[in-house]
Amino acid sequence: MTAPAGRPGSWSENILEYFLRNGQISTSDGAAVTWYHAANRKAQLEEALASAAHMIEADVILPSDGSEHGQPVMAHPPEVHSDNTLEEWLAAVAGTSKGLKLDFKSLAAVQPSLLLLDSVRTHLARPVWINADILPGPNGSSQVVAAEPFINTVTSFFPDVTLSLGWTTGWQPEKVNEGYSWAMVREMECVCSGLHQPVTFPVRAALLRQSCPQLLWLLQKSSRYSLTVWTGKNDHYPTEDLLYIRDRFDKKQVFYDILEPQDSEFKQAAGVRVHH
């Protein structure tokens with residue numbers, strides 16, 4: 001049996017409470033949690049496991065060409081192959097205390113992946129986040145993962161999990177990029193209001209400043225909600241945008257899965273001490 005929702009050792013345990021309890025952070029501040037992004041191939045996963053990162057994020061796909069005997073593998077589109085299957089990935093992380101975030105790019109990959117997760121759940125007494133982009137967002141062109149079947153499939157397997165539910169987005173240099181609109185946040189709240197699981201909303205750093213009122217409104221709808229700020233590798237945005245968000249949101253409700261050098265610049269400017 002998994003622990004009750006949000007309890008120590010459950011997949012829905014708040015990551016701040018989990019890392020505080022384990023002595024890995026010293027303050028209830030989302031910026032104190034460090035991330036390793038796209039730990040997909042074996043070399044990246046090895047690096048992630050040896051690193052000081054608290055949370056490991058990786059992408060799960062189902063090879064469309066029938067390779068790997070239809071087993072889910074760890075890759076981010078447009079890549080379609082990997083040297084790492086999900087089964088191997090889970091075996092490698094099971095012996096650690098790191099929190100996990102699995103990002104699904106298609107509905108087809110979800111059920112076979114959850115079956116594998118179910119087989120190792122007793123070895124994963126730590127936060128587990130399951131992510132998909134379920135709604136169209138600012139400048140988004142990627143295919144969404146259908147919201148209702150995704151949420152229903154995940155919660156039927158694991159009622160006690162943290163859902164990470166996002167929007168498809170795009171970002172163009174030298175252009176004015178629209179942020180998250182009122183219609184987008186209202187649609188997301190409509191999807192999530194009936195859920196009892198914790199929900200984090202992944203939001204693109206370069207679109208944050210222009211979306212502050214909308215995202216504040218969304219987070220105020222439930223104490224179960226949080227934001228996870230992420231960035232595209234070619235996105236340009238000033239560190240001041242992150243500080244602007246930090247000044248206006250509850251520090252317990254915003255996590256930062258961002259790339260260097262912004263991550264170090266932001267943490268230094270915000271006075272966040274990171275444990276190594």
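Any value given below was found using the heavy atoms of this structure, including those in side chains, with hydrogens, waters and symmetry copies removed. Predicted model, so just to flag it, every value in this text is computed and none were measured.
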Determine, stepwise, if the pair Leu163 / Gln197 fulfils side-chain contact (heavy atoms from CB on, under 4.5 Å).
CA-CA 7 Å; Leu163 294 165; Gln197 289 83 2; 4.1 Å; yes
Taking it one step at a time, do Arg7 and Asp160 satisfy side-chain contact (heavy atoms from CB on, under 4.5 Å)?
CA-CA 10 Å; Arg7 286 291 182 81; Asp160 181 32; over 6 Å; no
Tyr225 and Glu189: CA distance, side-chain angles, deciding distance, side chain to side chain donor-acceptor pair (under 3.5 Å) verdict
CA-CA 10 Å; Tyr225 295 169; Glu189 158 62 6; 2.8 Å; yes
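The closest donor-acceptor contact from the side chain of Ser264 to the backbone of Pro261 lies at 3.5 Å or more, if one exists at all. With hydrogens and angles disregarded, no donor-acceptor distance shorter than 3.5 Å links the side chain of Gln253 to the backbone of Ser226. No donor-acceptor pair closer than 3.5 Å links the side chain of His236 to the backbone N or O of Pro173. Using a distance-only test at 3.5 Å, with no hydrogens or angles considered, a donor-acceptor pair links the side chain of Gln210 to the main chain of Asn177.
Minimum heavy-atom separation, Pro72 to Leu62: N-CD1, 3.7 Å. When all heavy atoms of Met74 and Ala58 are compared, the closest pair comes out as CE-CB, 3.6 Å. Taking every heavy atom of both residues into account, Ala32 and Thr27 meet most closely at CB-CG2, 4.3 Å. For the residue pair Phe255 and Gly30, the shortest heavy atom distance occurs at CD2-CA, 3.6 Å.
Listed by first then second residue, pairs satisfying salt bridge (Lys or Arg N to Asp or Glu O under 4.0 Å) with a partner in residues 212-235 read Arg204-Asp235, not counting sequence neighbours. For the salt bridge (Lys or Arg N to Asp or Glu O under 4.0 Å) condition, the pairs that include at least one residue of residues 73-89, sequence neighbours left out, are Lys42-Glu88. Listed by first then second residue, pairs satisfying ring pair (Phe, Tyr, Trp, His ring centres under 6.0 Å) with a partner in residues 32-52 read Trp35-Trp129, not counting sequence neighbours. Applying the salt bridge (Lys or Arg N to Asp or Glu O under 4.0 Å) test to residues at least two apart or on different chains, the pairs with a partner in residues 109-118 are Asp118-Arg121. Residue pairs satisfying the salt bridge (Lys or Arg N to Asp or Glu O under 4.0 Å) criterion with at least one member in residues 28-40, sequence neighbours excluded, are listed as follows: Asp29-Arg246.
Counting only heavy atoms from C-beta outward, the side chains of Gln71 and Leu86 never approach each other to under 4.5 Å. Residues Asp241 and Pro238 are in side-chain contact: their nearest non-hydrogen atoms beyond the backbone lie under 4.5 Å apart. Side chains of Val80 and Val73 form no contact here, defined as non-hydrogen atoms less than 4.5 Å apart. Side chains of Pro213 and Trp182 form a contact here, defined as non-hydrogen atoms less than 4.5 Å apart. Inter-residue side-chain proximity for Val161 and Val154 is flagged as met; some heavy-atom pair is nearer than 4.5 Å. Ile61 places none of its side-chain heavy atoms less than 4.5 Å from the side chain of His76. Val185 is listed as a side-chain neighbour of Trp167, based on a closest heavy-atom distance under 4.5 Å. The closest side-chain heavy-atom distance from Met188 to Leu135 is below 4.5 Å.
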Table please: side-chain donor-acceptor pairs of residues 95-110 below 3.5 Å, with sequence neighbours left out.
residue: Thr96; atom: OG1; partner: Val93; partner atom: O; Å: 2.8
residue: Thr96; atom: OG1; partner: Lys98; partner atom: N; Å: 3.3
residue: Lys98; atom: NZ; partner: Ser51; partner atom: O; Å: 2.9
residue: Lys98; atom: NZ; partner: Ala53; partner atom: O; Å: 2.6
residue: Asp103; atom: OD1; partner: Asn131; partner atom: ND2; Å: 2.6
residue: Asp103; atom: OD2; partner: Lys105; partner atom: NZ; Å: 2.8
residue: Ser106; atom: OG; partner: Ala109; partner atom: N; Å: 3.4

Please tabulate, for side-chain N and O atoms in residues 138-152, each donor-acceptor pair with protein atoms closer than 3.5 Å (sequence neighbours left out).
residue: Asn139; atom: ND2; partner: Gly170; partner atom: O; Å: 3.0
residue: Asn152; atom: ND2; partner: Glu148; partner atom: O; Å: 3.4

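Considering CG of Leu243 and CZ of Arg248, their distance stands at 10.5 Å, rounded to 0.5 Å. The distance from atom CG of Leu259 to atom OG1 of Thr231, rounded to the nearest 0.5 Å, is 5.5 Å. In this structure, CD in Glu57 is found 10.5 Å from OG1 in Thr228, a value given to the nearest 0.5 Å. Between Ile15 atom CD1 and Lys252 atom NZ the span is 14.0 Å, to the nearest 0.5 Å. Distance CG/Leu115 to OG/Ser113: 8.5 Å, rounded to 0.5 Å. From Ser28, atom OG reaches atom CG of Asn14 across 7.0 Å, with rounding to the nearest 0.5 Å.
The side chain to side chain donor-acceptor pair (under 3.5 Å) test applied to Gln172 returns no partner, not counting sequence neighbours. Evaluation of the side chain to side chain donor-acceptor pair (under 3.5 Å) rule for Thr239 yields Glu265 as partners, not counting sequence neighbours. A search for salt bridge (Lys or Arg N to Asp or Glu O under 4.0 Å) contacts involving Asp257 returns nothing, not counting sequence neighbours. Asp59 pairs by the side chain to side chain donor-acceptor pair (under 3.5 Å) definition with Asn40, not counting sequence neighbours. Contacts of Thr162 classified as side chain to side chain donor-acceptor pair (under 3.5 Å), with partners at least two apart in sequence or in another chain: none.
Evaluated for a side-chain contact (heavy atoms from CB on, under 4.5 Å) with Ile130, the options Leu165, Leu117, Val60 yield exactly one hit, Leu117. Just one of Phe158, Tyr18, Phe157 meets the ring pair (Phe, Tyr, Trp, His ring centres under 6.0 Å) condition when paired with Trp11; it is Phe158.
Both Leu227 and Tyr237 are members of a single hydrophobic cluster when ILVMFWY side chains are connected at heavy-atom separations under 4.5 Å. At a threshold of 4.5 Å between side-chain heavy atoms, the hydrophobic network of Ile, Leu, Val, Met, Phe, Trp and Tyr places Leu114 and Val128 in one connected group. Leu208 and Phe249 fall within the same hydrophobic cluster, where Ile, Leu, Val, Met, Phe, Trp and Tyr residues are linked whenever their side-chain heavy atoms come under 4.5 Å apart, directly or through other members.
Around CD of Glu178, the count of heavy atoms belonging to other residues, nucleotides or ligands within 6.0 Å does not exceed 12.
Cation-pi contact between Arg21 and Phe19: absent, since separation from the ring centre below 6.0 Å together with deviation from the ring axis within 45° is not met.
Side-chain contact, Thr168 with Asp133: no donor N or O sits under 3.5 Å from an acceptor N or O. Residues Tyr256 and Gln262 have side chains that never bring a donor and an acceptor to within less than 3.5 angstrom of each other.
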